[in-house]
Amino acid sequence: MKTENFSKRIQNEFKKAAARSNIAAALIAKLLTYDRSLEFDVLFKKSDGSAQTVKGYRVQHNNILGPYKGGLRYHPDVSMDEMKALSFLMTLKNAVIGVPFGGGKGGMAIDPKTLNEQELEELTRSFTRQLASYIGPEKDIPAPDVNTNSKIMAWIVDEYGKITGKQTSTVVTGKPIELGGSEGRLEATGYGGTYALLAILKLLKKKPENFTVAIQGFGNVGQYAAELLQQNGFKIVAISDSKGGIYVPEGISDIRALMKYKAEKGNLFDKRITGREIALEAILTLPVDIIIPAALEDVIHGSNARDIRADIILEMANSPMTHEADKILAGKGVMIIPDILANAGGVAVSYFEWHQNTRNEQWTKEEVFSKLKKKMELAANDVYQIHREKKVPLREAAYMLALERIQAKWLKK
Ligand code: NAD
C-alpha cells in the first residue's frame, strides 16, 4: 500500500480531468479540500490485561451528493495520506455509480491478525466511541474495507447504539443479514466489476469466450469476480493470492471448487488442478488478454508496466497502478477500466442496503443483482461515451463524469 503522495496523485488526476471539463473554479477549489480529517488515538485492552494504543482515522472529503460514505480499513500502512486519497476516490466513485453519497474513508494503523477476537472487538468498540458523534445514518455511514467485515460492522452498530441511545443499524452498511444487511453485498464488488467489463465488451462488439483472464488476489473481490466471469464464458487461466499463484493455460475448470479449497486450506495449491505454480509478481505479466488486480495498491508500476501483455486491465483494487505505469500502458494502447468504475459495485449495494433499511424493505438476491447490473451498465456506458466523444482514456472520462454530476447537484444547492 502507498505511503507517500497518494492523495496528491489523486488530486493531480482530478485537476487534469477538471481542466478538460466546464467546471466552476469554486467547485474545483472545494473538491481539493477535505471537509474534516480526524486523527485520534484508540486505546484498548489486551487479553493479558495490558493496554495498547493505535492511530485511528476518519476523513470526510465531501458531502455535496449526500452523507459521507466509505469503508474502514484495518492495516499497518493506514495513514492520513491514504485516507485522504481513498475518501476523494469515494466522492468520485459515488458520483460515477450514481448513488446519493459523498466520500469518506477511515481505519486504523494495525494488523488485525495480531489480535484475538476479543481484542479486535475491544479495539473496534473503542474506535466507535471516538467516532460516534461524527457518524450516523444521515451524516456518515462507514462500511467494511480491507481486513474488516460484517462482524466488525455489527460491533459498531451495538456500540453506536449504547453511546447515542439510537438503536439504528443504518449507521453502517455491510452488516450481517439478520442485522439489516443486504443480500448480495458479499458478491457485489466482484459481480459489479464483471457487469462493467461485460458492458464495455458489448460496446466493443467482443465476446467473453475469446478472452483469457489472470486475477491477482483471491479474497472477497477476486473470488466473486472469478465466479461470475467464468459463468459468463471467460477463460480464467491464472489466479494468485498472498501465498503464491497458479497458472493453467487451458483454463481453471471449476472456480467454485477452488473457492471451497481456499476456504478450507487457506491457499490455492489444489493438487486436482493441473497447472504450474508461479511467483507473485508473475501473474501480471502472463500472456493473457485481461488482467484483474484485485489485491493491493500500486502493484503495477514503472518497473513492470512495460512487460504487461494484456490488452485490458480491470482495476478491481483501489488504485492498483502508479501514474508512471498508467502513462506507459496508455502508450501501449492498453484499455484500463478504472477503479472508480470497476469496483463501484460494492458501494452500489451498500446504497441498496441503506435504502432497504430506511424503508424497512428486504430485497431478494435476484433483485439486488438485477439492480446492480443495471447500475453498472449505465455507469459503464456513460463513461464510455465520454471516452469516445472527448477522446480521453476511460479513467479521465470517469473523473469527468463524476465532476459533471457533482457540479449539477452543487448548482442546485
Ligand atoms: P480481501 O482481504 O478479501 O482479499 C485480498 C486478497 O489479496 C487476498 O486473497 C490476499 O491473499 C491477496 N493478496 C494480498 N497480497 C497479495 C499479493 N502480493 N499478491 C497476490 N495477492 C495478494 O480484500 P478484498 O475485499 O477482496 O479487497 C481487494 C481490493 O479491492 C482492495 O484494494 C480493496 O480496497 C478493493 N475494494 C474492495 C471492495 C469490497 O467490497 N470488498 C470494494 C471496493 C474496492
Side-chain angles (χ1 to χ4, degrees), residues 1-2 6 69-78 82-83 85-87 89-90 92-94 96-97 103 105-107 111-113 142-150 152-153 173-174 181-182 184-193 196 214-227 238-247 258-259 261-263 265-269 277-286 291-301 304 314-321 338-353 372 376:
M1 300 205 185
K2 283 176 201 72
F6 184 11
K69 179 103 193 74
L72 295 176
R73 178 174 289 202
Y74 293 1
H75 192 280
D77 294 342
V78 162
E82 184 183 60
M83 295 296 101
L86 293 170
S87 69
L89 281 178
M90 283 307 299
L92 300 170
K93 190 183 302 183
N94 291 335
V96 165
I97 197 65
K105 200 80 186 186
D111 179 359
K113 293 184 190 96
D145 188 63
V146 175
N147 291 333
T148 55
N149 54 28
S150 59
I152 290 176
M153 296 304 115
T173 57
S182 179
R185 177 63 186 84
L186 196 64
E187 299 90 340
T189 308
Y191 277 24
I215 303 176
Q216 181 190 52
F218 202 57
N220 171 264
V221 175
Q223 293 193 24
Y224 288 105
E227 183 190 50
I239 295 180
S240 68
D241 69 6
S242 58
K243 309 231 168 75
I246 48 166
Y247 178 40
L258 189 60
M259 287 164 74
Y261 184 89
K262 160 108 185 174
K265 310 277 192 226
N267 63 58
L268 300 167
F269 308 126
E277 288 180 23
I278 49 167
L280 280 184
E281 272 262 307
I283 188 108
L284 299 169
T285 51
L286 290 171
I291 52 173
I292 304 185
L296 307 170
E297 289 150 17
D298 271 1
V299 292
I300 305 174
H301 39 73
N304 63 5
L314 182 68
E315 289 189 335
M316 298 294 294
N318 281 311
S319 202
M321 72 177 68
D339 49 5
I340 60 170
L341 169 64
N343 69 29
V347 76
V349 176
S350 272
Y351 167 63
F352 296 162
E353 179 176 330
L372 172 64
M376 294 306 303

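Keep in mind that what you see is a predicted model, and the values were worked out from it rather than measured. Indexing begins at 1, ligand by ligand and atom by atom, following the structure's order. Residue numbers run from 1 in the order of the sequence given.
To the nearest 0.5 Å, the span separating OG1 on Thr148 from CG on Leu72 amounts to 6.0 Å. With rounding to the nearest 0.5 angstrom, the CD atom of Gln223 is 8.0 Å from the CG atom of Leu258. One distance of note links CG of Leu186 with OH of Tyr224; it measures 4.0 Å at 0.5 Å rounding. Between the CD1 atom of Ile278 and the CD1 atom of Ile283 there is a distance of 4.0 Å, given to the nearest 0.5 Å. For the atom pair CG of Asn343 and CD of Glu315, the computed distance is 8.5 Å after rounding to the nearest 0.5 Å.
Inter-residue side-chain proximity for Glu187 and Leu372 is flagged as unmet; no heavy-atom pair is nearer than 4.5 Å.
At least one heavy atom of Arg73 sits closer than 4.0 Å to an atom of ligand 1. Contact annotation: Lys262 has at least one heavy atom less than 4.0 Å from an atom of ligand 1.
Put simply, the side chain of Asn94 gets close to the backbone of Met90: a donor and an acceptor are under 3.5 Å apart. Between the side chain of Asn147 and the main chain of Tyr74, a donor-acceptor pair closer than 3.5 Å is present.
Using a 4.0 Å threshold on non-hydrogen atoms, atom 2 (O) of ligand 1 does not count as touching the protein. For atom 15 (N) of ligand 1, a protein heavy-atom neighbour is found at a distance under 4.0 Å.
A donor-acceptor pair shorter than 3.5 Å cannot be found between the side chains of Tyr247 and Glu277. In summary, the side chains of Asp241 and Asn267 do not present any donor paired with an acceptor at a separation below 3.5 Å, with no hydrogens or angles considered.
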Under the side-chain contact (heavy atoms from CB on, under 4.5 Å) rule, what do Gln216 and Ile291 come out as? Steps first, then yes or no, please. CA-CA 8 Å; Gln216 181 190 52; Ile291 52 173; over 6 Å; no
Stepwise, does the side-chain contact (heavy atoms from CB on, under 4.5 Å) test hold for Tyr191 with Met376? CA-CA 10 Å; Tyr191 277 24; Met376 294 306 303; over 6 Å; no
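When only interatomic distances are considered, the shortest N/O to N/O separation between Asn220 and ligand 1 falls below 3.5 Å. Below 3.5 Å of separation, one finds no N or O of Leu296 facing any N or O of ligand 1. Between Phe218 and ligand 1, an N or O atom pair is found at a separation short of 3.5 Å. By the 3.5 Å distance cut-off applied to N or O atoms, Gly346 is not counted among the residues near ligand 1. Below 3.5 Å of separation, one finds no N or O of Asn147 facing any N or O of ligand 1. Taking any N or O of Asn318, backbone or side chain, at least one lies under 3.5 Å from an N or O belonging to ligand 1.
Protein heavy atom nearest atom 37 (C) of ligand 1, with residue, atom name and distance: Val221 CG2, 3.5 Å. Atom 40 (O) of ligand 1 has as its closest protein heavy atom Thr189 OG1, 2.6 Å. Taking atom 22 (C) of ligand 1 as the reference point, the nearest protein heavy-atom neighbour is Ser242 N, 3.4 Å. The nearest protein atom to atom 6 (C) of ligand 1, hydrogens excluded, is given as Gly219 N, 3.7 Å; this is a heavy-atom distance. Taking atom 33 (C) of ligand 1 as the reference point, the nearest protein heavy-atom neighbour is Val146 CG2, 4.0 Å. Counting only heavy atoms of the protein, atom 31 (C) of ligand 1 lies nearest to Ala295 O, 3.3 Å. Nearest non-hydrogen protein atom to atom 35 (C) of ligand 1 is Met316 O, 3.8 Å.
Ion pairing of Lys105 with Asp145 is present here, as a side-chain N (NZ or NE/NH1/NH2) and a carboxylate O approach within less than 4.0 Å. Remark: Glu297 engages Arg73 in a salt bridge, criterion side-chain N to carboxylate O under 4.0 Å.
The proximity of Glu297 to ligand 1, defined as any non-hydrogen pair under 4.0 Å, does not occur for either the backbone or the side chain. Using a 4.0 Å cut-off between heavy atoms, Arg185 contacts ligand 1 through its side chain alone, with no backbone atom that close. Under 4.0 Å from ligand 1, the heavy atoms of Asp145 that appear belong solely to its side chain. Contact annotation for Met90 and ligand 1: no heavy atom of the residue comes within less than 4.0 Å of the ligand. At a 4.0 Å heavy-atom cut-off, ligand 1 touches Asn343 through backbone and side chain alike. Residue contacts with ligand 1, taken as heavy atom pairs separated by less than 4.0 Å, involve Leu280 solely via side-chain atoms from C-beta onward.
With atom 28 (C) of ligand 1 as the reference point, the heavy atom nearest to it among Ala294, Ala317, Ser350, Pro293 is part of Ala294.
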